[in-house]
Amino acid sequence: IKWHSLTPADLHNLSAQLIETEVDTHFRSYLINISWSLSMDASIKELTATKICVMSIGTREHFECIRCNYTEKFQSQTMFGNRRWQFHYIGFPVEPEMFYSISAYNLPPANIYEDSPSKSIMLTSPGCFEKLGINKNKCIFMFKQTA
Ligand SMILES: *[C@@H]1O[C@H](CO)[C@@H](O)[C@H](O)[C@H]1NC(C)=O
Ligand SMILES: *[C@@H]1O[C@H](CO)[C@@H](O)[C@H](O)[C@H]1NC(C)=O
């Protein structure tokens, strides 16, 4: 527990999509591609890392977080061409028919009793990972994402 006089603003945007990985002849496998962009705010100079947590809800409940450290201090609120700083992380293997609650916040975190900004989104995995043509009737491929 450490007090910080200045803490970074919330992420500007958080989004996620499933991406197909290893090519197997019968089954698909997916990882989550989580992307985020930073607020154009002077507090970016305080930003050291972004913490991302994924909670799976369904037949197998699981909670896992990763911490992405920024290797250098941000000198400017934007990157080349005045664009927002954008990052993505590919990881967190996905299982069929689950809900994933993905949340992210910047570090250092807000102090105790202060608002702790974070963003979260939901992602739903497909009902079946068998490739089409093998067992079509059982496989419903549905991707849904809500903000
Ligand atoms: C992951 O998402 C980022 C940002 O949207 C995108 O640039 C990148 O190409 C994606 N990676 C894959 C493997 O789809
Ligand atoms: C990120 O930074 C923290 C604090 O400095 C450190 O404990 C952690 O090991 C770092 N993680 C990586 C992956 O470098």
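When a ligand or atom number is given, it counts from 1 through the structure's own listing order. If you read the sequence from its start, that first residue is 1, and numbering goes on from there.
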Do [X] and [Y] meet the criterion of a side-chain donor-acceptor pair at a distance under 3.5 Å?
{"X": "S118", "Y": "S103", "result": "no"}
{"X": "E64", "Y": "H62", "result": "yes"}
{"X": "T124", "Y": "Y100", "result": "no"}

Pairwise, report which nitrogen or oxygen atoms of ligand 1 are under 3.5 angstrom from protein nitrogen or oxygen atoms, and how far apart they are.
| unit_1 | atom_1 | unit_2 | atom_2 | d |
| --- | --- | --- | --- | --- |
| ligand 1 | 2 (O) | N33 | OD1 | 3.3 |
| ligand 1 | 2 (O) | N33 | ND2 | 2.4 |
| ligand 1 | 11 (N) | N33 | ND2 | 2.8 |

Anything under 30° is parallel, anything over 60° is perpendicular, the rest tilted; go ahead and classify F92 against Y89. perpendicular

Whether S125 side chain and E95 backbone form a donor-acceptor pair below 3.5 Å: yes

What are the two closest heavy atoms between I52 and C68, and how far apart are they? CD1-SG, 4.5 Å

